[in-house]
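In what follows, a structure is listed as structure tokens, so that the remarks can point back to it.
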2 protein chains.
Amino acid sequence: MVSSSTIRTNLTENAALDSQHLPALDLETRSTQDDHQALRLWLRMLSCTVRIQNEIRDRLRREFATTLPRFDLMAQLERHPAGLRMNELSRRLMVSGGNVTGITDQLEHERLVTRTLDPEDRRALTVKLTASGLKRFREMAAQNEQWTVELLQGLNREEKQTMLDLLSKLKMHLGQREHTSSVSSSRRRR
Amino acid sequence: MVSSSTIRTNLTENAALDSQHLPALDLETRSTQDDHQALRLWLRMLSCTVRIQNEIRDRLRREFATTLPRFDLMAQLERHPAGLRMNELSRRLMVSGGNVTGITDQLEHERLVTRTLDPEDRRALTVKLTASGLKRFREMAAQNEQWTVELLQGLNREEKQTMLDLLSKLKMHLGQREHTSSVSSSRRRR
DNA sequence: ACTAAATAATTTAGGTGTCAACTAATTGAT
DNA sequence: ATCAATTAGTTGACACCTAAATTATTTAGT
């Protein structure tokens, strides 16, 4: 559901010390320990993601003269042959509407997608892949899949599955927090 | 070691189906299965990272009127009170040198860092936090740590540790691949 | 010593990203 | 039926980010 975006976050990891089992700790130190654990996990996650993303960005540029945002937008359209509206793309790619406008402009100019007026709702547009857009995307997608396999080789099948499961859990909780936080934050601000 | 950056990558996850144990599969289908597994893992990782990053970016903007790249650069400087040179910052933040120039410009203008000439090497500059920069950073860092604890609440202590370990392993392999790939890619291209 | 190669930092051009302000169309409460 | 509020999309201003070119300095091979 996310889309190609530039990850930007604080990465300040401190290698080494991956304490395997933490035996009973003084309860007072526990919360600070947990804090550091969360921060370290976040930084390491970000670090890995940025590395992989930078590598894939480079390869897309060198091999296909394109960019990640374009690729991601096309990926969404490939899964939805009937086309998607701008706001749907924005939601799925997790970027702002203005951003989607810009990327769609590029792709339209390259004749890889089309914008068509929605007869149901004259405010809306439907974006679709063109035939050549689809063809181009499939070439890139095949390569992209191989690249991710290569880049994630460091983990074996079981490890990948474990991580996938943990990330699912995390994602679910992030999704839940979404509403409560937007309510509380808008309340906070007015 | 990474720094705040904008993650940009293809996210196209398909919710559901987190098959827990995969019993003996037809060997022929195995490789494709693995491919999809790697791709799904990558997309889910990206999805989670982008969400967390977006949330932290928003909070930094609202509460401190700053940005992630600025925060990340300051975080590096806080760990190195003697200061860092531009190329070191670039390496640690995993962004281009030109980018570091721009962010440093901003922070210097806000009087949060200083650039001083390195007497040892007249090409080089040393960037340091100012007193007010350090004060400001510590306020933000405390909040930032609380935010990450909150955002990663979805995983318990053991789960966070597992994920940290898996990411360490992944990161190590990514680091190893670095050389071989840069060699092979430069060889490929000329 | 001299000069070619390497290194540190900046600049430039262009894509990506945000937010906030805007236009146009639709919805919905009276 | 009307008109305020909402929704879809675009635009503008500005920050970030990269790759490639540029300047200035240092290093190293002869």
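The chains referred to below are lettered A, B, ... by the order of the sequence lines, with proteins before strands, and numbering in each begins at 1. Predicted, not measured: the structure shown is a model, and the values here were computed from it.
- For A:Phe64 and A:Phe71, the ring centers are positioned 6.0 Å apart or more.
- Counting heavy atoms from C-beta on, the side chains of A:His80 and A:Leu84 come closer than 4.5 Å.
- B:Ile56 places its CD1 atom 17 Å from the C1' atom of C:dT18, with the value rounded to the nearest Å.
- Comparing C:dA8, D:dT11, C:dT18 by their closest approach to the side chain of A:Val95 singles out C:dT18.
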>> Under the criterion salt bridge (Lys or Arg N to Asp or Glu O under 4.0 Å), I'd like the reasoning laid out for B:Arg51 against B:Glu55: C-alpha separation, chi angles, the key distance, then a yes or no.
In response: CA-CA 6 Å; B:Arg51 283 192 194 204; B:Glu55 186 64 32; over 6 Å; no

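- A:Thr126 and A:Arg115 form no side-chain donor-acceptor contact under 3.5 Å, judged by distance and modelled atom types alone.
- Checked against D:dG9, C:dA9, C:dG15, the side chain of B:Leu125 finds its nearest nucleotide in C:dA9.
- Atom NE2 in A:His109 sits roughly 14 Å away from atom C1' in C:dG15 (whole-Å rounding).
- Distance B:Leu117 CG to C:dA8 P: 15 Å, rounded to the nearest Å.
- With a 4.5 Å cut-off on side-chain heavy atoms, B:Gln161 and B:Asp165 count as touching.
- Between B:Glu88 atom CD and C:dT7 atom P there is a gap of 14 Å when expressed in whole angstrom units.
- At a threshold of 4.0 angstrom between heavy atoms, the contacts of A:Gly97 include nucleobase atoms, whether or not backbone atoms are also involved.
- Taking atom CG on A:Leu73 and atom P on C:dG15, their separation rounds to 16 Å, with Å as the unit.
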Pull out every protein N or O sitting under 3.5 Å from an N or O of nucleotides 3-6 of chain D, one pair per line with the distance.
none

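- No side-chain heavy atom of A:Leu151 sits less than 4.5 Å from a side-chain heavy atom of B:Trp42.
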Can you give me the N/O atom pairs linking the protein to nucleotides 19-21 of chain C at distances under 3.5 Å, or say none if there are none?
from, atom 1, to, atom 2, distance (Å)
C:dC19, OP1, B:Asp58, OD1, 3.2
C:dC19, OP1, B:Arg61, NH2, 3.3

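- Taking 4.0 angstrom as the limit, A:Asn87 places none of its side-chain polar atoms (N or O) nearer than this to OP1 or OP2 of D:dT7.
- What separates CG of B:Asp118 from C1' of C:dT7 is a distance of 13 Å, to the nearest Å.
- Place A:Glu120 and A:Gln106 on DNA chain C by their nearest nucleotides, and A:Gln106 ends up nearer the 5' end.
- At least one side-chain heavy atom of B:Met74 sits under 4.5 Å from a side-chain heavy atom of B:Leu112.
- Residues A:Asp118 and A:Leu125 are not in side-chain contact: their nearest non-hydrogen atoms beyond the backbone lie 4.5 Å or more apart.
- Proximity note for B:Asp121 (side chain, C-beta onward) versus D:dA15, C:dT10, D:dT26: the nearest is D:dT26.
- For the pair B:Arg122 and D:dA24, the criterion of a side-chain N or O lying under 4.0 Å from OP1 or OP2 is not met.
- Protein atom CG of A:Leu93 is 10 Å distant from nucleotide atom P of C:dT18, rounded to whole Å.
- Rounded to an integer number of Å, the gap from A:Asn54 CG to C:dG15 P is 19 Å.
- B:Ser47 contributes no side-chain N or O that, together with a main-chain N or O of B:Leu43, makes up a donor-acceptor pair within less than 3.5 Å.
- Under the side chain to side chain donor-acceptor pair (under 3.5 Å) criterion, B:Asn156 pairs with no residue at all, not counting sequence neighbours.
- Between B:Pro119 and A:Thr126, the residue whose closest nucleotide on DNA chain D is further toward the 5' end is A:Thr126.
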